[in-house]
Undergrad: 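Sharing a structure with you now.
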2 protein chains.
Amino acid sequence: MNTKQSFGEYLRKLREDQNLPIRKVASKLDIDPSTLGKIERGERSANKEMLPILAELFGIEEKALGLILFSDKVAYQIIEEENTNEILKVAEEKIKYLKNKNLKQGSLDLK
Amino acid sequence: MNTKQSFGEYLRKLREDQNLPIRKVASKLDIDPSTLGKIERGERSANKEMLPILAELFGIEEKALGLILFSDKVAYQIIEEENTNEILKVAEEKIKYLKNKNLKQGSLDLK
DNA sequence: ATATTCAGGACAATAATTGTCCAAATGTAA
DNA sequence: TTACATTTGGACAATTATTGTCCTGAATAT
């Protein structure tokens, strides 16, 4: 897993390795080729519905693809702050706490 | 630093410790009391402009307040995924890479 | 009982996101 | 070069999310 790559860069590499035109992949995703181009260039974000389609198309794990997508989103969200590491650490503790809390309560009040 | 608290819960505690009504704090922030109530209950998000005002009002570090706010946002964004820890780890590496890259290039292309 | 405070829904305004369409640019092969 | 396919990127519209206000009713305090 190359964590230095953005989702778009990764996607483009996958596509080019298979010599597929944007047009074809876009068609699988049922979106305009221009939109996919923007996703590959990072001007747009992909959404979760695209993940299983892309995973199957390129023969990779959907979870791995999602990992790249979500880490992109998180990174983008806080990269302009100075204390990014601290933010991530506190977020991790918070998530741990919340997941445990909701587990005990039974109700998944996470939306 | 209590990482188990959300930004809103933390804010409410600060306010109640000083026996201030929502109305007064909202006025300092120049927003409707109802909006502040929602922020305290987590139904709305605070924004960065509010941080220095709140920090001064309650005599705490703006950075500490921002830490709680941003970690909240990150946690909220990914808490429904299963592999949250992995996402955070990859995000951290990505940020490290991007910050270093932009440092070297000089241009802060982060927006 | 009256005042104040707070909760929460309905609503409007604004901003952000998502996608399409098209024209220009780029690449590719004959 | 010509012809064709692909990609880029701007303008635009539609949808969705966010933000805040206003108002009513409930709870709390005096």
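When reading the values below, keep in mind they use all heavy atoms of this one structure, side chains included, and skip hydrogens, waters and symmetry mates. In the text below, chain A, chain B and the rest are named by the order of the sequence lines, each starting its count at 1.
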Undergrad: Whole angstroms only, please: what is the NZ-P distance between B:K48 and D:dT19?
TA: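 Atom-to-atom, B:K48 to D:dT19, this comes out as 13 Å.
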
Undergrad: Measure CD/A:Q77 against P/D:dT18 and give the value in whole Å, please.
TA: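 It is 11 Å, rounded to the nearest whole Å.
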
Undergrad: Can you tell me how far P of C:dC6 sits from CG of B:L11, to the nearest Å?
TA: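 Going from CG in B:L11 over to P in C:dC6 covers 12 Å.
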
Undergrad: How many Å lie between CD on B:E40 and C1' on C:dC6, as a whole number?
TA: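 From B:E40 CD to C:dC6 C1': 10 Å.
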
Undergrad: Mind grabbing the angle between the end helix axes of the helix from C:dT4-D:dA27 to C:dA30-D:dT1? Five pairs an end, 10° rounding.
TA: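 Overall, the helix from C:dT4-D:dA27 to C:dA30-D:dT1 bends by 30° from one end axis to the other.
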
Undergrad: Over how many whole Å does the gap from A:R41 atom CZ to D:dG9 atom P extend?
TA: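 In whole Å, D:dG9 P lies 5 Å from A:R41 CZ.
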
Undergrad: Rounded to whole Å, please give me the gap between CZ in B:R23 and P in C:dT4.
TA: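 Result: 9 Å.
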
Undergrad: Carefully, step by step, assess B:E61 and B:K63 under the rule salt bridge (charged side-chain N to carboxylate O under 4.0 Å, His left out).
TA: CA-CA 5 Å; B:E61 289 281 341; B:K63 199 175 157 189; over 6 Å; no

Undergrad: Hey, does the side chain of A:K94 reach the backbone of B:I68 with a donor-acceptor pair shorter than 3.5 angstrom?
TA: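 Yes.
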
Undergrad: How would nucleotides 18-27 of chain C be written as a contact map, 5' to 3', with B for base contact, S for sugar-phosphate-only contact and - for no contact, using protein heavy atoms under 4.0 Å?
TA: BBBB------

Undergrad: Does any non-hydrogen side-chain atom of A:E81 lie less than 4.5 Å from one of B:L67?
TA: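 Side-chain contact under 4.5 Å: no.
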
Undergrad: What I'd like to find out is whether the side chain of A:P52 reaches to under 4.5 Å of the side chain of A:L65, using heavy atoms alone.
TA: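 No, side chains not in contact.
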
Undergrad: Looking at side-chain heavy atoms only, is the closest gap between A:K38 and A:T35 below 4.5 Å?
TA: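 A:K38 vs A:T35: side chains apart.
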
Undergrad: Within a strict 4.5 Å, meaning less than it, do heavy atoms of the A:L88 and A:I78 side chains meet?
TA: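 When only atoms from C-beta onward are counted, A:I78 and A:L88 do touch, with a gap below 4.5 Å.
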
Undergrad: From D:dT7, D:dT6, C:dC6, pick the nucleotide closest to the side chain of A:R15?
TA: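 Within the option list, the nearest is D:dT7.
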
Undergrad: Can you see if the side chain of B:R12 gets near the phosphate of C:dA7 - specifically, an N or O under 4.0 Å from OP1 or OP2?
TA: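 Yes, because at least one side-chain N or O of B:R12 sits under 4.0 Å from OP1 or OP2 of C:dA7.
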
Undergrad: Could you tell me if the side chain of A:L11 sits less than 4.5 Å from the side chain of A:L36, heavy atoms only?
TA: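 Yes; the side chains approach each other to less than 4.5 Å.
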
Undergrad: Between atom CG in B:L36 and atom C1' in D:dT19, what is the gap in whole Å?
TA: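 The distance from CG of B:L36 to C1' of D:dT19 comes to 14 Å, rounded to the nearest Å.
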
Undergrad: In whole angstrom, what separates A:N19's CG from D:dA5's P?
TA: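 The distance from CG of A:N19 to P of D:dA5 comes to 17 Å, rounded to the nearest Å.
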
Undergrad: Within the structure provided, determine whether B:L54 and B:I60 are in side-chain contact (heavy-atom separation under 4.5 Å).
TA: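 A side-chain contact is absent here, since even the closest heavy-atom pair is not under 4.5 Å.
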
Undergrad: Does some side-chain heavy atom of B:I53 sit less than 4.5 Å from a side-chain heavy atom of B:D30?
TA: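 SC-SC contact between B:D30 and B:I53 ruled out.
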
